[in-house]
Engineer: 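Provided herewith is a single structure, encoded as structure tokens, for subsequent inquiry.
Remember, it's 1-based here, ligands and their atoms both numbered in the order they're listed.
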Amino acid sequence: MRLYLINPSNPLVSIVKVKESRWNRYRVWKPLSLMVLAGLTPGEWETSILDENLGVPDYAAMPRPNLVGVTAFTSQANRAYELADYFRDQGVPVVMGGIHATMCLDEVIERVDAVVTREAEGVWPQVLDDARQGRLQRQYDGGFAEMTGVPSARHDLLSRGYAFGAIQTTRGCPLNCSFCSVTAFNGAHYRQRPIPDVVREFQSIREKRVLVVDDNLIGVRPEHIARAKDLFRAMTRAKLRKEWIAQATINFADDEELLTLAAKAGCSGVFIGFESPSPEALRGLGGKFSLLKDRDLRASVRRIQRHNILVAGSFIIGLDADEPGIGRRIAEAARRYGLDNLNVLFLTPLPGTRLWDQMKSQGRIPLDVLPQDWKYYTLTYPVARYRHLSLDGIIREMISCNETFYSVPGIFRRVFSSFWHRRKPWISLAGNLSYRGNLRRAAEAYAGFRHHWGDGRDDTRGS
Ligand code: B12
Ligand code: SF4
């Protein structure tokens with residue numbers, strides 16, 4: 001029995017064009033979902049993972065599979081449907097799972113043979129069994145998995161062409177920010193994998209560098225932080241000799257012991273959502289506000305960096321409080337906080353979020369020719385109507401933000417600072433050059449997007 005697990009490409013996500021900029025090699029990540037599915041798949045299946053981000057395979061020249069499993073973020077949905085059409089035309093059943101299938105079940109179920117909603121651990125063996133016996137059901141719901149049931153991912157099935165391996169140690173987030181799908185998808189309960197499982201899986205990863213995909217590696221409560229410390233101690237004891245990066249909330253900075261243990265365990269960088277330089281805008285976002293308010297962010301960032309850990313920050317443009325000039329204000333805030341890297345995204349209503357419900361009810365989602373328009377839901381296109389910014393205005397703000405932060409002197413200053421403080425200068429350089437290299441491509445992409453938007457949609461603001 002032959003199984004293909006496919007990660008569809010999204011041609012609009014310019015960051016994955018490895019051939020156009022070699023620095024982008026540092027920004028292509030392994031599709032962990034498919035490696036976990038492969039880990040759940042019994043040995044009688046001959047399993048291949050096909051990641052279209054590294055190039056679309058010539059499916060016609062490959063052996064015909066007995067079953068195809070497709071994953072998709074919302075932005076990949078259209079390509080997922082093309083793949084489903086292609087394989088179903090040949091009589092191969094197609095199963096789709098992942099966040100888009102969960103949030104847009106009615107849309108997906110029309111286009112594939114079976115849909116798996118939420119987490120796959122509890123149902124994937126049954127799906128395979130049903131497929132083998134030719135009696136696939138239309139829908140399976142995996143619910144929230146027991147973390148003891150999460151298998152070691154099959155890292156061996158995707159071994160070439162990636163700068164980073166990937167691993168997950170927790171699922172779920174209690175903070176439930178209005179724009180984010182994580183709480184809706186993985187639940188508010190912060191679930192942690194057993195530490196020995198995580199360490200064993202780390203040992204099976206061949207790459208020297210690893211992305212820990214957890215939405216918040218350290219959590220927010222004292223018991224979460226205690227567990228993170230135990231994990232870091234176990235990783236250090238196991239002498240993994242890996243450098244890893246992770247996502248965390250800013251409270252990472254509040255515990256010196258945590259920072260010391262993380263650095264000792266190999267933490268080389270952390271990705272933190274600052275979201276907005278304006279307290280007023282933050283208040284509307286939900287959970288995270290309480291962690292960010294009244295905090296000396298420059299001091300917090302410095303405390304992390306003193307442990308030789310790079311800090312990349314993420315901000316959103318297009319919040320209701322954002323007015324012309326927000327791009328420059330974000331770039332200046334990022335420089336003031338001393339961030340090593342800045343990632344700015346357009347406020348995007350993702351299906352299943354509170355923001356989606358709110359913007360939909362206010363008639364503020366003009367990119368709604370679905371599923372075709374999903375390809376723009378990469379957070380790198382302004383798909384909504386923004387309160388104080390027109391389409392051209394918000395694009396100008398994004399360009400001004402990135403050009404200010406990723407100016408040549410700005411990059412030089414940051415890389416020099418990380419070199420001087422011996423804070424991973426090569427990683428800092430690769431990250432900065434990758435972002436800068438994409439500025440030109442982003443301008444071309446916005447021109448195409450404006451053209452698409454022009455098809456009968458007006459450019460009035462939300463309210
Ligand atoms: C790591 C990550 C990335 C990485 C790696 C992605 C990759 N190659 O897999 C990078 C940095 C590249 C990335 C990029 C983006 N990401 Co991202 N990312 C994540 C993150 C943090 C973890 C995903 C992960 O690996 N989880 C671990 C695996 C094991 O879990 P899983 O993917 O959910 O898979 C399980 C189930 O879903 C299911 N399943 C999944 N696929 C399939 C397929 C089949 C056949 C079956 C049966 C089951 C199944 O089984 C798995 C085991 O239970 C999530 C947050 C989250 N908690 O999901 C956001 C998240 C998925 N990303 C998100 C977004 C928006 C993006 C971007 C579009 C925008 C951006 N700039 O961040 C880009 C563009 C990607 C693209 N190609 O279009 C959103 C997606 C929302 C949506 N509706 O699509 C999320 C949910 C974050 C959020 N804040 O809302 N991302
Ligand atoms: S803290 Fe992060 S993962 Fe949790 S809901 Fe907010 S944005 Fe999503």
Engineer: Tell me which part of Ala120 gets within contact of ligand 1: side chain, backbone, both or neither, using heavy atoms under 4.0 Å.
Structural biologist: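 Both backbone and side chain.
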
Engineer: What are the atoms of ligand 2, with element, lying closer than 4.0 Å to any heavy atom of Leu175?
Structural biologist: 1 (S)

Engineer: Is Met103 in contact with ligand 1, taking contact as a heavy-atom separation below 4.0 Å?
Structural biologist: no

Engineer: Where does Thr183 meet ligand 2, judged by heavy-atom distances below 4.0 Å: at the side chain, the backbone, both, or neither?
Structural biologist: side chain

Engineer: May I ask whether Cys180 places a heavy atom under 4.0 Å from ligand 1?
Structural biologist: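 Yes, that is the case, since the closest heavy atom of the residue is under 4.0 Å from the ligand.
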
Engineer: So which bit of Lys288 gets within less than 4.0 Å of ligand 2, heavy atoms only: side chain, backbone, both or neither?
Structural biologist: side chain

Engineer: Strictly under 2.8 Å, is atom 4 (Fe) of ligand 2 approached by any N, O or S atom of Cys173?
Structural biologist: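 For Cys173, the answer is yes, given that an N, O or S atom comes within less than 2.8 Å of atom 4 (Fe) of ligand 2.
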
Engineer: Under 4.0 Å, heavy atoms only, figure out whether ligand 1 is touched by the backbone of Lys30, its side chain, both or neither.
Structural biologist: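 It is the backbone that gets close, since no side chain atom is under 4.0 Å.
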
Engineer: Taking 4.0 Å as the limit for heavy-atom contacts, which would you say applies to Thr71 with ligand 1: side chain only, backbone only, both, or neither?
Structural biologist: both

Engineer: Does at least one non-hydrogen atom of Gln247 fall below 4.0 angstrom from an atom of ligand 1?
Structural biologist: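 Yes, Gln247 has a heavy atom closer than 4.0 Å to ligand 1.
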
Engineer: On the six-membered ring of Tyr406, is Arg436 placed so that its NZ or CZ lies under 6.0 angstrom from the centre and within 45° of the ring axis?
Structural biologist: no

Engineer: Taking atom types as modelled, is there a side-chain donor on Asn216 or Tyr190 under 3.5 Å from an acceptor on the other?
Structural biologist: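 The answer is no; no qualifying pair exists.
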
Engineer: Please could you name the atoms of ligand 1 that Trp124 approaches to less than 4.0 Å, counting only its heavy atoms?
Structural biologist: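 Counting from 1, the qualifying ligand atoms are 47 (C).
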
Engineer: Is the closest heavy atom of His100 to ligand 1 under 4.0 Å?
Structural biologist: no

Engineer: Suppose I only count heavy atoms of Asp215 and a 4.0 Å limit; which atoms of ligand 2 are within that range?
Structural biologist: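 Under 4.0 Å from Asp215, ligand 2 has these atoms: 3 (S).
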
Engineer: Measure from atom 5 (S) of ligand 2 to every heavy atom in Ala248, Cys177, Ala184 and give the option owning the shortest one.
Structural biologist: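 Of the listed residues, Cys177 has the closest heavy atom.
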
